[in-house]
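What's counted below: heavy atoms across the whole structure, side chains too, no hydrogens, waters or symmetry copies. Naming: A, B, ... by sequence-line order, numbering from 1 per chain. Small disclaimer: the values here were computed from a predicted structure and weren't measured.
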Amino acid sequence: MEITSNFIKSIMEEDLNSGKVNEIVTRFPPEPNAYLHIGHARAIITNFELARHFGGKTNLRFDDTNPVKEDSSFVEAIKKDIEWLGYKPANILFGSDYFDATYELAIKLIKKGLAYVCDLNPDEMREYRGTLTTPGKDSPYRNRTVEENLILFENMKNGKYQDGEKTLRAKIDMSSPNMNMRDPVIYRIIHIEHHNTGNKWCIYPMYDFAHPLQDAFEGVTHSLCSLEYDDHRVLYDWFVEKCEMEHVPHQYEFGRLNITNTIMSKRYLKQLVDEKMVKGYDDPRMPTLAGLRRRGYTKDSIINFILSTGLSRINSTVSSEMLETSLRNDLNTKVKRVNAVIDPLKVIIINYPDNNVEWIDVDFNNDNLDLGKRKIAFGKEIYIEREDFIEEKPNKKWKRLSLGIEVRLMHAYFIKCNEVIYNEDGSIKELHCTYDELTKSGSGFDERKPNGNIHFVEASTALPADINLFEPLLTDSDGKKDLFTRLNPNSWATFKGFVEPSLKDTLPLERFQFIRKGYFTTDYDSKKDRLIFNRIVELKSSFN
RNA sequence: UGGGCUAUGGCCAAGUGGUUAAGGCAUCGGACUUUGACUCCGAGAUCGGUAGUUCAAAUCUACCUAGCCCAGCCA
């Protein structure tokens, strides 16, 4: 799928045509403090696809300017996710690669009288900043001399002060209606080991200062970010200008992507993992890229989904059905379609010979014959889906099995149900049916139509399997409620089912359509003697 | 009268003065069907509101309304 028309694409076209830039250079700048989720996929895909469309390039740059929150384990996870999506960064970089250069630029600002060391503590600074409707007032330290600031800043760098004791601030305008311009902090003191630079530094640049400079260092032309940075843009431009950067990058903002029934908050995702409400960041119910991968989503389904949602300056919420549709479209003709019974109900064909199993040749996928054929078994005892039987046909629309009703077992015979055998508790134990030898599939029989077609597996040859079905993690979307009270107790259900013999040697992440039941993938933990499948999505259904 | 941003069918989203206002998802009809799947037909908006400019406006102007973001030494 080609990236659709959007406002950023238009800007890039104009910039290329006007000669403002010779090449499109973008970057994806994750902070290595969490796993990437489907919301991040929009940023990744937009940056990479746009650059690719124009023959440009994209860097992966870890925004690691705050060592108290960041960790190299996240660096590896993020790299893996991007690689999985199929994108190859032109360069893999770290904000911390530029700490020396950034430090020099801070000194440059001091020398130009545009930055000063401030002794205000956090409470005082908040007080001096003013409010949304009232201007702030100048820090008492605002007019220190360049010489004094230079010495103080060097002392900061050399570890002469405690965390929080001093900051370096840009000298802009304490009465600006834009809070970001009220002398923002650009360096703070943090005595903690950094995952990349170790203990070399005890001062770290703030995002607003570091980010535009990093973009400029790398020759980024179009720096894409989300809407909430809109009123940081003037500050972004201020730093690029005042630091006299050779390359002048420009920031453009787009809206975040939300999906219905999906948790898109780093904090909540972390809480789910930390409090063991899920089995980790790659739990198949998680909207992390790692979780979606384990769930069985293909990278193409995710990319196509993102591209199909478009891009604008609106924070949008698209239906989760769109993601599901994208997966179905991707897999429909690509994967084998096989028989699996998730919630088995035993059926005995009373007029079929004992101890006999016949094998039937069947295409793996009618719509893609290249996938080949396999043999499916039929015999005296079979399993069908418990939900495919109701004693009394409820209405004319019911296209499954009922007492006295005849259906076709796909690729095999018509069967008619004659008797229901019950357990002591009144539940259905098994069904006694008869089959009609004349109705064998492929025989050309057309004397009568069955009341629908259902799938089955032959009992003696079927492979037992754990089949996991998922529902959304939360029961509602009221973000005000406590996470615990919103948890969906049915988000993970495991069934003891059976699959057809052709799945004997399946490997993790192989994908199938279980006929009439949805798309499934073989779980990472699946073994030859203990098959495990995860449902990716159900098939679309106009029933119910 | 703090600043900024946004407003096209149920959800996304093209469209930048002249088109019957693209497309996708969802929905509702219908055809087909050995998956109630797929596929194929068909159905739906006058563009937040009001007033203007113009031969002509979703596209320009003004005003209004609604929503989102900003007061971290987070990003």
Under-4.0 Å salt bridge between A/E165 and A/K160
no
Going by 5.5 Å between centroids and 30° between planes, is there a stack of A/F543 over B/G36?
yes
Quick one: label A/T131 by what it contacts on the DNA or RNA (base, sugar-phosphate, nothing), any heavy atom closer than 4.0 Å.
base
Measuring only the C1' atom in each nucleotide, how far is B/U61 from B/U54? A whole number of Å is fine.
12 Å
Nearest-Å distance for atom pair CZ/P, residues A/F254 and B/C12:
17 Å
Can you tell me how far C1' in B/A75 sits from the matching atom in B/U39, rounded to whole Å?
47 Å
So what does A/K517 touch, heavy atoms closer than 4.0 Å: a base, only the sugar-phosphate, or nothing?
nothing
Under 4.0 Å between any heavy atoms, over every strand shown, what does A/L311 touch: base, sugar-phosphate, or nothing? Just pick one.
sugar-phosphate
Rounded to whole angstrom, note down the C1' distance from B/C11 over to B/C73.
41 Å
Between A/K449 (NZ) and B/G36 (C1'), how many Å, whole number?
16 Å
OP1, OP2 of B/A75 versus side-chain N and O of A/R188: anything below 4.0 Å?
yes
Selected nucleotide, minimal atom distance to A/Y229 side chain, candidates B/A75, B/C25, B/U35
B/A75
When we call it a touch if two heavy atoms are under 4.0 Å apart, what does A/L132 touch: a base, just sugar-phosphate, or nothing?
base
Rounded to the Å, how far apart are A/E321 CD and B/G24 P?
16 Å
Watson-Crick or G-U wobble mate for B/A21, both contacts under 3.5 Å
none
Say we look at B/G24 and B/A43: how far apart would their P atoms be, to the nearest angstrom?
13 Å
Can you tell me how far C1' in B/U6 sits from the matching atom in B/G17, rounded to whole Å?
23 Å
When all nucleic acid strands are considered with a 4.0 Å heavy-atom cut-off, which category describes A/T134: base, sugar-phosphate, or nothing?
nothing
Please determine if a side-chain N or O atom of A/T325 lies less than 4.0 Å away from the OP1 or OP2 oxygen of B/A26.
yes
Base, sugar-phosphate alone, or nothing: which one does A/T65 contact when heavy atoms must sit under 4.0 Å apart?
sugar-phosphate
At 4.0 Å (heavy atoms only), tell me whether A/R400 reaches a base, stays on the sugar-phosphate, or touches nothing.
base
Phosphate-side-chain proximity, A/R516 and B/G36, N/O vs OP1/OP2 below 4.0 Å
yes
Could you tell me how far B/C5 sits from B/C41 if I compare only their C1' atoms? Round to whole Å.
43 Å
Ring centroid separation A/F94 to A/F62 under 6.0 Å
yes
Any side-chain N or O of A/T309 under 4.0 Å from OP1/OP2 of B/C25?
no
A/F498 vs A/Y383 aromatic rings, parallel, tilted or perpendicular, using cut-offs 30° and 60°?
parallel
At their closest point, which heavy atom of A/D64 faces which heavy atom of A/G95, and how far apart are they?
OD1-N, 3.2 Å
B/G72 OP1/OP2 closer than 4.0 Å to side-chain N/O of A/R126:
yes
Rounded to whole angstrom, note down the C1' distance from B/G44 over to B/U27.
10 Å
Does A/R129 have a side-chain nitrogen or oxygen under 4.0 Å from the phosphate oxygens OP1 or OP2 of B/C73?
yes
Name the orientation class of the two ring planes belonging to A/Y229 and A/Y207 (parallel below 30°, tilted from 30 to 60°, perpendicular beyond 60°).
tilted
In the strands shown, is B/C63 matched to any nucleotide by a Watson-Crick or G-U wobble pair with both distances under 3.5 Å, and which?
B/G49
Partner nucleotide of B/U34 by Watson-Crick or wobble geometry (both distances under 3.5 Å)
none
Expressed as a whole number of Å, how far does the C1' atom of B/C74 sit from that of B/A21?
44 Å
Would you say a side-chain N or O of A/S542 is under 4.0 Å from OP1 or OP2 of B/A37?
yes
Protein-nucleotide distance (A/I190, atom CD1; B/G72, atom P), rounded to Å:
16 Å
How many Å lie between CD on A/E124 and P on B/A71, as a whole number?
20 Å
For B/U1, which nucleotide is its Watson-Crick or G-U wobble mate, given both distances must be under 3.5 Å?
none
Measuring only between side-chain heavy atoms, which start at C-beta, is A/S441 closer than 4.5 Å to A/R408?
yes
Just call it for A/M206: base, sugar-phosphate, or nothing, with non-hydrogen atoms closer than 4.0 Å on any strand.
sugar-phosphate
May I have the distance from A/N366 (atom CG) to B/A37 (atom C1'), rounded to whole angstrom?
11 Å
Glycosidic conformation of B/G72, taking syn as within 90° of 0 and anti otherwise:
syn
A/L327 versus A/S301, closest heavy-atom pair with distance
CA-CB, 3.6 Å
A/R337 vs B/U35: side-chain N/O to OP1/OP2 distance below 4.0 Å
no
Base, sugar-phosphate alone, or nothing: which one does A/S5 contact when heavy atoms must sit under 4.0 Å apart?
sugar-phosphate
A/Q513 near the nucleic acid: base, sugar-phosphate alone, or nothing, with a heavy-atom cut-off under 4.0 Å?
base
When you measure from the side chain of A/E124 to the backbone of A/N121, do you find a donor-acceptor pair of N or O atoms at a distance under 3.5 Å?
yes
If you assign A/S10 and A/N332 each to the RNA chain B nucleotide with the nearest heavy atom, which residue ends up on the more 5' nucleotide?
A/S10
Between A/R328 and A/P205, just flag the one whose closest nucleotide in RNA chain B comes earlier from the 5' side.
A/R328
